[in-house]
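First the proteins, then the strands, lettered A, B, ... as listed; each starts at 1.
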Number of protein chains: 2
Amino acid sequence: MRKEASSNALNEKKINASCGMGYALSLIGGRWKSNILWRLLIDGKLRYNELRRLIPGISERMLVSQLREMEADKLVLRIVYPEVPPRVEYELTELGQSMRSMLQSISDWGEMHRQVTREN
Amino acid sequence: MRKEASSNALNEKKINASCGMGYALSLIGGRWKSNILWRLLIDGKLRYNELRRLIPGISERMLVSQLREMEADKLVLRIVYPEVPPRVEYELTELGQSMRSMLQSISDWGEMHRQVTREN
DNA sequence: CTCATAACTTACTTTTCTGTTAGTACTTAA
DNA sequence: TTAAGTACTAACAGAAAAGTAAGTTATGAG
């Protein structure tokens with residue numbers, strides 16, 4: 001939960017309002033968001049449990065909360081099919097898709113520069 | 001301070017080891033790092049107090065800790081001149097410079113998509 | 001009647017991050 | 001002699017993020 005008036009939250013707002021980089025990073029900066037975005041970029045539409053299996057180590061709570069945040073930020077679309085058993089699919093919105101080249105360049109830099117630890 | 005063996009820390013490590021994006025984001029994800037990196041990209045070398053004045057709202061503790069982390073990550077170089085009063089300058093290392101196009105694309109995306117709040 | 005599946009919620013704890021306040025050493029200027 | 005500048009450090013508190021464990025709803029299969 002967020003305290004609207006904490007210095008912490010105010011600083012974040014101020015930064016996001018004045019700096020495009022800060023703003024962009026605030027949208028993709030959650031622990032598992034890079035993984036989720038990457039999967040959705042590659043695979044397109046994915047069901048909840050598919051995402052869960054594709055991202056080893058993520059808990060249900062984290063998967064849901066990261067998805068919900070990105071949904072609120074209009075990066076991800078949640079599609080519910082009124083079936084039993086339930087089926088829910090996630091895919092990138094147009095805004096999410098518009099991140100592709102940015103995400104690619106972040107990924108490229110990362111792949112290039114974490115080589116030292118690569119062998120693990 | 002970090003608990004080496006917490007699930008939290010282990011998950012972060014695992015993500016950084018398997019995903020270039022996660023790794024890159026972990027280096028630039030601190031609250032004030034985007035600001036600092038941006039300043040250093042634009043202005044080149046800057047003194048401690050210059051940075052402080054260029055980044056309104058940052059506290060000394062935060063400025064120092066963000067700089068120290070980036071120094072540890074080899075993104076930023078700290079140059080101490082043995083003078084009185086003391087003079088310390090910060091600049092991007094080659095590794096830091098190599099982030100330029102990535103940072104630019106993050107910034108571009110951000111500038112383009114935070115327009116709604118722009119008027120504030 | 002119990003189990004399994006899908007896609008979650010809820011309540012709670014732990015860990016990590018950020019911010020506040022005060023203090024350091026040294027020197028020059030008023 | 002007091003203040004101001006420089007570049008910090010230390011101790012602590014509070015907020016936010018992440019993790020854990022258990023429960024929910026509805027249905028069909030055995």
Please state how far atom [atom1] in [X] lies from atom [atom2] in [N], giving the value in whole angstrom units.
X        : N       : atom1 : atom2 : answer
Glu83(A) : dC8(C)  : CD    : C1'   : 16 Å
Glu50(A) : dA7(C)  : CD    : P     : 8 Å
Ile58(A) : dG19(D) : CD1   : P     : 8 Å
Lys14(A) : dT18(C) : NZ    : C1'   : 14 Å
Glu89(A) : dA7(C)  : CD    : C1'   : 13 Å
Asn8(B)  : dT13(C) : CG    : P     : 17 Å
Lys13(B) : dT15(C) : NZ    : P     : 15 Å
Ile79(B) : dA7(D)  : CD1   : C1'   : 15 Å

Could you go over nucleotides 28-30 of chain C and give all protein N or O partners under 3.5 Å, atom names and distances?
none

Note: contacts of residues 60-75 of chain B with DNA chain C (heavy atom, under 4.0 Å) are Arg61(B), Met62(B), Gln66(B)
DNA chain C-proximal residues of residues 31-49 of chain A, any heavy atom under 4.0 Å
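Within this stretch, Arg47(A), Tyr48(A), Asn49(A) sit under 4.0 Å of the strand.
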Please report, to 0.1 Å, the donor-acceptor pairs under 3.5 Å made by any side chain of residues 94-103 of chain B, with sequence neighbours excluded.
| from | atom 1 | to | atom 2 | distance (Å) |
| --- | --- | --- | --- | --- |
| Gln97(B) | OE1 | Arg100(B) | NH2 | 3.2 |
| Ser98(B) | OG | Trp109(A) | NE1 | 3.0 |
| Ser98(B) | OG | Leu95(B) | O | 2.5 |

Map Pro86(B) and Glu12(B) onto DNA chain C by nearest heavy atom, then report which one ends up closer to the 5' terminus.
Glu12(B)
What residues form a side-chain hydrogen bond (donor to acceptor under 3.5 Å, both in side chains) with Ser107(B), not counting sequence neighbours?
none
Run the side-chain contact (heavy atoms from CB on, under 4.5 Å) test on Ile28(B) and Ile106(A) for me, step by step, so that the C-alpha distance in whole Å, both residues' side-chain angles and the decisive distance to 0.1 Å come before the verdict.
CA-CA 10 Å; Ile28(B) 61 176; Ile106(A) 299 172; 5.7 Å; no
Do any pairs count as a salt bridge (charged side-chain N to carboxylate O under 4.0 Å, His left out) and have a residue in residues 5-16 of chain B, sequence neighbours left out, and if so which ones?
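Sorted result for residues 5-16 of chain B: Arg31(A)-Glu12(B), Arg2(B)-Glu12(B), Glu4(B)-Lys13(B).
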Residues in salt bridge (charged side-chain N to carboxylate O under 4.0 Å, His left out) contact with [X], at least two apart in sequence or another chain:
X        : value
Glu89(B) : Arg87(B)
Glu71(A) : none
Asp73(A) : none

Need the bend value for the helix from dC1(C)-dG30(D) to dA30(C)-dT1(D): angle between end axes, 5 pairs each end, nearest 10°.
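Rounded value for the end-axis angle: 30°.
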Using only side-chain N and O atoms of [X], determine if any of them is under 4.0 Å from OP1 or OP2 of [N].
X        : N       : value
Ser6(A)  : dG14(D) : no
Arg53(B) : dG5(D)  : no
Ser7(A)  : dT20(C) : yes

Can you hop from Val84(B) to Val80(B) via hydrophobic side chains spaced under 4.5 Å?
no
Kindly compute the distance separating [atom1] ([X]) from [atom2] ([Y]), expressed to the nearest 0.5 Å.
X        : Y        : atom1 : atom2 : result
Ser59(A) : Trp32(A) : OG    : CH2   : 7.5 Å
Ser26(A) : Asn16(A) : OG    : CG    : 4.0 Å
Lys33(A) : Leu67(A) : NZ    : CG    : 9.5 Å

Atom pairs and distances, donor-acceptor, side-chain atoms in residues 48-55 of chain A, under 3.5 Å, two or more places apart:
| from | atom 1 | to | atom 2 | distance (Å) |
| --- | --- | --- | --- | --- |
| Tyr48(A) | OH | Glu60(A) | OE1 | 2.8 |
| Asn49(A) | OD1 | Arg52(A) | NE | 3.3 |
| Glu50(A) | OE1 | Arg47(A) | N | 2.7 |

Supply the members, apart from Ile79(A), of the Ile/Leu/Val/Met/Phe/Trp/Tyr cluster built from side-chain contacts under 4.5 Å; use none for a lone residue.
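Answer for Ile79(A): Leu77(A), Tyr81(A).
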Would you say the side-chain atoms of Arg78(A) pair up with the backbone N or O of Val88(A), donor to acceptor, closer than 3.5 Å?
no
Tyr90(A) near the nucleic acid: base, sugar-phosphate alone, or nothing, with a heavy-atom cut-off under 4.0 Å?
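Sugar-phosphate contact only.
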If you assign Val80(B) and Asn11(B) each to the DNA chain D nucleotide with the nearest heavy atom, which residue ends up on the more 5' nucleotide?
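Looking at DNA chain D, the more 5' nearest nucleotide goes with Val80(B).
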